[in-house]
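In what follows, a single structure is set out as structure tokens and then discussed.
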Amino acid sequence: MLEALGEDGAKANPQLTRKLKYMHDAHALWFARAEMVAVLSQLHGEAFAVNRVQALSPVFHGLVPKSLVDAGRARR
């Protein structure tokens, strides 16, 4: 997720970077995606942000309930 946030995102929101580094489980990271979209949207536009964060969904397979992954996919 830090890689997806990128250097510009990390500079724009160091608090989010710190949170991502210390989140305790996959569920917490899953729910941080909305904050990532907000940061990336400000820097690169909403379409880029949503695509970048949705590309992370496969990482969460088996780590969060399938219903969460499916719900994220349905919003495309």
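One-based numbering along the sequence shown. Because only heavy atoms are used, hydrogens play no part in the values below, and waters and symmetry mates are left out as well, while side chains stay in.
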Check: [Y] and [X] side chains under 4.5 Å, non-hydrogen atoms:
| X | Y | answer |
| --- | --- | --- |
| P65 | W30 | no |
| L43 | F48 | no |
| M23 | M1 | no |
| N13 | E35 | yes |
| F31 | L68 | yes |

Heavy-atom closest contact ([X] atom, [Y] atom, distance):
| X | Y | result |
| --- | --- | --- |
| V69 | H61 | CG1-CE1, 3.5 Å |
| L5 | A10 | CG-N, 3.9 Å |
| L16 | V39 | CD2-CG2, 3.9 Å |
| A32 | L20 | CB-CD2, 3.9 Å |

Exercise for the section: Please confirm whether the backbone N or O of A49 pairs with a side-chain atom of R52, one donor and one acceptor, at under 3.5 Å? Expected result: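 Checked: no pair found.
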
Handout entry: side-chain hydrogen bond (donor to acceptor under 3.5 Å, both in side chains) involving E3 - partner list, sequence neighbours excluded
Key =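 None.
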
Exercise for the section: Quick one: pull up CG in N51 and CD in E46 and give me the separation to the nearest 0.5 Å. Expected result: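 Spacing of CG (N51) from CD (E46) equals 10.0 Å.
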
Exercise for the section: Please round to the nearest 0.5 Å and tell me the distance separating atom CG of L2 and atom CG of L29. Expected result: 8.5 Å

Handout entry: Qualifying residue for side chain to side chain contact (heavy atoms under 4.5 Å, CB included) with T17, from K19, Q15, K21
Key =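 Filter result, single survivor: K21.
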
